Amino acid sequence: MAQTPPTRLTIRRPDDWHLHLRDGAMLQAVLPHTAAHFARAIIMPNLVPPVVTGAQAAAYRDRIMAVLPEGMTFTPLMTLYLTEDTDPEDVAAAHEAGIATAVKLYPAGATTNSASGVRDVTKVRPVLEKMGEIGMPLCIHGEVTDHDIDIFDRERVFIEKVLHPIRKKIPDLRVVLEHVTTQEAVDYVRDNPKNLAATITTHHLIINRNSILAGGIRPHFYCLPVAKRERHRIALVQAAVSGDRRFFLGTDSAPHTDAAKLQPCGCAGIFTAINTMSCLAEVFEAAGALKKLEHFASLNGPAYYRLPPNEETVTLVKGAPLDYPEIIETGDGPVTVFDPGFPLHWRVETA
Ligand code: DOR
Ligand code: ZN
């Protein structure tokens, strides 16, 4: 007899291992959407100016907690923005004091607010060696920035030219290759089990480059790294649903106002905080892997970051297509919510 497909799924409360909360009015508008579903998140430091020092990270954490609505629980896990002037001792002290969970490496010019990022990796070697020594993870935006490298090849080339050499020189460094978008990145992570893991975003499991460019240009699907061919999306889904401990959720939910996205040179970033869990449930269900959603969203991340998984649970319930806003209003202007292109039947049941 055919089994009835499940309509309820209880998992440990998920975490988001890569999130942009921004600051000020935008922070205040987007934070409740993440805190509604996620217990913790790795908070990206690419503010203007960037969060470089332990003191800046502590102040940013305070600003986040100050606008967390009453009754919500959420723990921001702060990161430091790596520059060529970063002081290894400041990094170690911030980690030791529990202020900074990880450091973020942006190659200079790779993405939004990355101008103060790293141009020459040899300059940050003392910081990376220190992090290897103390076991502090390095989150990497893995794309080269050379103008002569095609944008669809920038992740693959980064792995070969930058990531692999760093890992060979500093084998103790615990690396998270962020928002992987290619089969090559998935293979590299699978083939190199030591001190290496990867986050995968919600949107890269759903869109490919046609979503952005075929039949009209769709700025709301533009993000970095840019979505690749369908075969890469399929490789990402296979990695995510496999349960492999080294792949976990980092939404890279990155709100920009519509005014910033819809212009001749629009910003990169997709806002998925509101409907990520519903989107993921659809993706995992379609792959016949609902049971692995907990590994991807709630278990693998804490294991790699050497933190306990959350004790609380959330229940996803399948029913009529979900109503969620197409746009949220923020003090900075409207922000468009990710449209996966199909109805979402799973909602997160709040206790
Ligand atoms: O699409 C992106 N948006 N990719 C990034 O790396 C940065 C992010 C942002 O901050 O908007
Ligand atoms: Zn990001």
Side-chain angles (χ1 to χ4, degrees), residues 15-24 26-27 29-31 34 38 41-51 60 76-82 101-118 137-145 151-152 154-155 158 162-163 175-182 185 198-209 211-212 217-228 236 248-263 265-273 276 301 330 332-333 335-338:
D15 301 304
D16 183 350
W17 299 95
H18 180 135
L19 176 67
H20 297 269
L21 284 178
R22 316 300 190 203
D23 215 341
M26 185 66 85
L27 164 65
V30 299
L31 175 64
T34 286
F38 296 92
I42 285 276
I43 309 301
M44 287 298 124
N46 61 334
L47 305 182
V48 193
V51 179
Y60 184 28
L77 303 172
M78 309 309 291
T79 59
L80 302 179
Y81 185 118
L82 184 61
T101 301
V103 169
K104 176 73 188 242
L105 187 164
Y106 287 104
T111 187
T112 312
N113 304 333
S114 61
S116 340
V118 175
L138 178 70
C139 302
I140 301 185
H141 183 112
E143 288 190 288
V144 292
T145 53
I151 192 159
F152 292 100
R154 289 181 182 188
E155 181 175 280
F158 182 91
V162 186
L163 177 60
V175 171
V176 183
L177 183 58
E178 302 266 53
H179 41 50
V180 291
T181 58
T182 55
T199 55
I200 303 179
T201 76
T202 309
H203 46 277
H204 288 117
L205 294 173
I206 294 173
I207 61 168
N208 62 26
R209 65 194 205 178
S211 316
I212 314 167
I217 189 158
R218 292 189 183 73
H220 292 303
F221 289 145
Y222 174 60
C223 65
L224 287 168
V226 70
K228 310 294 192 295
L236 299 176
F248 46 86
L249 175 64
T251 66
D252 200 6
S253 179
H256 290 280
T257 61
D258 286 355
K261 293 225 31 114
L262 306 177
Q263 52 169 310
C265 185
C267 292
I270 303 183
F271 178 60
T272 55
T276 273
T330 79
D332 292 341
V335 170
T336 293
V337 175
F338 175 58

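Since the structure is predicted, the reported quantities are computational estimates derived from the model, not experimental observations. Indexing begins at 1, ligand by ligand and atom by atom, following the structure's order.
- Using a 4.0 Å cut-off to heavy atoms of Leu224, the atoms of ligand 1 that qualify are 1 (O), 2 (C), 4 (N), 5 (C), 6 (O).
- Note: angle at the Zn ion (ligand 2), from NE2 of His20 to OD1 of Asp252, is 90° (rounded to 10 degrees).
- Under the 3.5 Å distance criterion, the side-chain polar atoms of Thr199 are left unmatched by any main-chain donor or acceptor of Gly250.
- At least one donor-acceptor pair closer than 3.5 Å links the side chain of Ser211 to the backbone N or O of Asn208.
- Close approach of ligand 1 to Ala254 (heavy-atom distance below 4.0 Å) involves ligand atoms 3 (N), 8 (C), 9 (C), 11 (O).
- Here the heavy atom of the protein found nearest to atom 8 (C) of ligand 1 is His20 NE2, 3.7 Å.
- The main-chain N or O of Ile270 is never found under 3.5 Å from a side-chain atom of Lys261 such that the two would form a donor-acceptor pair.
- Neither side chain, Thr257 nor Asp332, offers a donor N or O lying under 3.5 Å from an acceptor on the other.
- The side chain of Arg22, and not its backbone, has at least one atom closer than 4.0 Å to an atom of ligand 1 (non-hydrogen atoms only; side chain from C-beta on).
- Atoms of ligand 1 lying under 4.0 Å from any heavy atom of His141, numbered from 1 in the order shown and given with element: 6 (O).
- Counting backbone and side-chain atoms alike, His179 contributes no N/O/S atom closer than 2.8 Å to the Zn ion (ligand 2).
- Among the atoms of Ala268, some N or O lies under 3.5 angstrom from an N or O of ligand 1.
- Here is the list of ligand 1 atoms found below 4.0 Å of a heavy atom in His256: 9 (C), 11 (O).
- Judged by distance alone, with hydrogens and angles left aside, the side-chain atoms of His204 form a donor-acceptor pair with the main-chain N or O of Pro225 at under 3.5 Å.
- Checking only distances, Tyr106 never comes within under 3.5 Å of ligand 1, N or O to N or O.
- Glu155 places a side-chain N or O within 3.5 Å of a backbone atom of Thr181 that can act as its donor or acceptor partner.
- A donor-acceptor distance shorter than 3.5 angstrom exists from the side chain of Thr79 to the backbone of Ile43, with no hydrogens or angles considered.
- Side-chain atoms of Glu178 and His18 include a donor-acceptor pair closer than 3.5 Å.
- Residue Cys223 approaches ligand 1 through these ligand atoms, each under 4.0 Å from one of its heavy atoms: 1 (O).
- The backbone N or O of Arg22 lies less than 3.5 Å from a partner atom in the side chain of Tyr60, making a donor-acceptor pair.
- Using modelled atom types, one finds a donor on one side chain and an acceptor on the other under 3.5 Å when comparing Thr276 with Thr202.
- Residue contacts with ligand 1: Tyr222 is placed with no nitrogen or oxygen under 3.5 Å of a nitrogen or oxygen of the ligand (distance criterion only).
- Backbone and side-chain nitrogen or oxygen atoms of Pro225 are examined, and none is located within less than 3.5 angstrom of a nitrogen or oxygen of ligand 1.
- Which parts of ligand 1 touch Asp252 is read off a 4.0 Å heavy-atom cut-off, strictly below it: atoms 4 (N).
- Among protein heavy atoms, the minimum distance from atom 5 (C) of ligand 1 is reached at Thr111 OG1, 3.0 Å.
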